Each structure stands twice: as C-alpha cells, then as structure tokens.
Amino acid sequence: AACSRKNRNAALHPLWQSPLTIPGGTRQSPINIQWRDSVYDPFLKPLKISYDPTTCLHIWNNGYSFLVEFDDSTDRSIIVGGPLENQYRLKQFHFHWGAINDWGSEHTVDSKFYPAELHLVHWNAVEYPTFEEAVMEGNGLAVIGVFLKLGARHEGLQTLVDALPAVKHKDTVIEFDVFDPSCLLPSCPDYWTYAGSLTTPPLTESVTWIIKKKPIEVDEDQLEAFRMLLFTSDGEEEKRMVDNFRPLQPLMDRTVRSSFQ
Ligand SMILES: COc1ccc(/C(C)=C/C(=O)O)cc1
Ligand SMILES: [Zn+2]
C-alpha cells in the first residue's frame, strides 16, 4: 500500500510565509547574547570603518523594512579588521523595530529587547564577484548591528527620518545621495561577534555578526516615523510596518566573543 506521507507543515512566519527554522541550520540569527557567557578574545582587532557619504544612492521600501542602498561598485565604503580576514564593502543598511518601545530589536542582550536595531550589511568583494554570490558563502557577509534605545533626538538619523514619508508604501524609492552612516555608530568601540545568518529570506548562514555593545539614542518621534511606514503597496489595505524582526534562534554549538573585558 502506498505509504502515507504525513504532511507536516513547518511553522511559517506570518510575515514572509517562509519557514521559521532552516532544516539543518546550525548558525541561525538572531540570538540572545548572554553577556557573562561571551568570551573575551584579545586577538580581536579594532574594527576600522571608512564610509564615503557620496556612495549613498537611495532609500527603498522593500515591503519588509526600508533599505538605504549604496554604490558598491568600488571599495569607497568599507570595513576591515575586527574579526574579519578581508575588507567588506557596504551594500545597504536597514532597521528592525516594534509596534511599541518594549520590543523591536532582533538580537537581545541578557534577554533584553531594544525598541529597534540597525543592520549595516557588507559583502566580501575580495573573494566573491557579486553580492548575490557572497550571500551564499560562509564568509560572504559582515553585518554590524547597532541597538537603538529611547532617549535624545538623533540629529544624524533625522535627515533619514525626514525622507521616510516619500517611501511610505512598499516598492517606493526616493533618491538619497549624500549620507554618512558612521553617524549612526556609537563612539564606543566595544562589540560582540559570532557566526550567524541573514534574518530574512534567504536566511543563508553567511554572516559574521558584529554587534556593538553600546546603543545609540533616538527619540519617540523618530521611532514613530518608522512605524508610519507600510508593508503594503499604494491602493492595498494599509498594514503598518511594525514588528519586522525574526524570533530568536538557538545558539547551538556557538560561542559569542567580545572585543572587551
Ligand atoms: C539575494 O537576496 C537577498 C535578500 C536579502 C538579503 C539580506 C541582506 C537579508 C537580511 O538583511 O537579513 C540578502 C540577499
Ligand atoms: Zn536586518
């Protein structure tokens, strides 16, 4: 008799209709960073960041977040050092945030959520010819994560916030041709680093994560500006773009290293 195949649907994430867990995944992101379990690595170098503000191109609402995308055809905006063996080119940055200030970040520190998290996505253009190919390789990407906490207004972020109404709907783009993302980094050099993955499809295990220890401060109006964006296209029933973060993933056989004692 034909064997009956139990049709067990893997849990699907409401946002992307894609599996929450990657079969065979051993290095998925995000994770909780347990401060006392992180291991100080004295051989970690300082992270060197050099961005050329004129490589900024545009802001795009891709229906999941808003991406600020950069011209990555040359090595004008790069990071090097830290845990990285090569230099990596800046491709885009984006954020994850909640409907309210109690949650929104993807990573947590000692199980604490921040209201939002910035991801600066870089790729290994030394070893791979295109971003798309780097996305598929274990050392293909390096993402700097910066936590956002509620506090003083962030003047550098405000120029970005002022442009958001122009990309309210999914698949809208606005030219944004001068911006220096280093203004969004905390001055403290301390970071954690671990081997992980993308947190949206294709969820590939290609990311060296560099999570800054110190958050930056933004004010309530700036977080509210994120929350007035829409997941939906113009003309569709409006769905506010909020809670666009992936659930925490198991640490499995990984150690989080710290650049500080
Ligand atoms: C090739 O298609 C891609 C889609 C998304 C991404 C990223 C950078 C996802 C994430 O930020 O988690 C990369 C490639
Ligand atoms: Zn992200």
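One-based numbering along the sequence shown. Hydrogens, waters and symmetry mates are skipped; everything else that's a heavy atom, side chains included, is used. Atoms within a ligand are numbered from 1 in the order they appear, just like the ligands themselves. Just so it is clear, the model here is predicted, and its values are computed rather than measured.
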Using distance only, find each side-chain donor-acceptor pair of residues 235-242 under 3.5 Å and give its atom names and separation, not counting sequence neighbours.
| from | atom 1 | to | atom 2 | distance (Å) |
| --- | --- | --- | --- | --- |
| Glu236 | OE1 | Ser233 | N | 2.9 |

Exercise for the section: Out of Glu133, Glu132, His122, Met136, indicate the one that has the non-hydrogen atom closest to atom 1 (C) of ligand 1. Expected result: Glu132

Handout entry: Name of whichever N/O/S atom of His119 is nearest to the Zn ion (ligand 2)
Key =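 Atom name of the closest N, O or S in His119: ND1.
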
Completion exercise
So CZ of Phe245 and OG1 of Thr199: to nearest 0.5 Å the spacing works out to 11.5 Å

Handout entry: Point-to-point distance, once rounded to the nearest 0.5 Å, from CD of Glu127 to OH of Tyr88
Key = 7.0 Å

Taking only heavy atoms of [X] into account, list the atoms of ligand 1 that are under 4.0 Å away from them.
X: His94; result: 11 (O)
X: Thr200; result: 9 (C), 10 (C), 12 (O)
X: Val135; result: 13 (C), 14 (C)

Problem - Backbone or side-chain N or O of Thr199 under 3.5 Å from ligand 1 N or O - result: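 Yes, at least one N or O pair falls under 3.5 Å.
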
Handout entry: N or O pair under 3.5 Å between Gln92 and ligand 1
Key = no

Practice task
Check whether any heavy atom of Ser197 sits under 4.0 Å from an atom of ligand 1.
Solution key: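 The answer is no, since Ser197 has no heavy atom less than 4.0 Å from ligand 1.
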
Practice task
For Gln92, check side-chain hydrogen bond (donor to acceptor under 3.5 Å, both in side chains) against everything at least two apart and list the hits.
Solution key: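 Gln92 satisfies side-chain hydrogen bond (donor to acceptor under 3.5 Å, both in side chains) with His94 only.
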
Handout entry: Step-by-step side chain to side chain donor-acceptor pair (under 3.5 Å) determination, Asn32 to Thr108
Key = CA-CA 5 Å; Asn32 174 52; Thr108 52; 2.7 Å; yes

Problem - Which segment of Pro201 sits under 4.0 Å of ligand 1 when only heavy atoms are counted - result: backbone

Exercise for the section: Ignoring hydrogens and angles, tell me if any N or O in the side chain of Thr204 forms a donor-acceptor pair with the backbone of Val135 under 3.5 Å. Expected result: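 Between the backbone of Val135 and the side chain of Thr204 there is a qualifying donor-acceptor contact (under 3.5 Å).
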
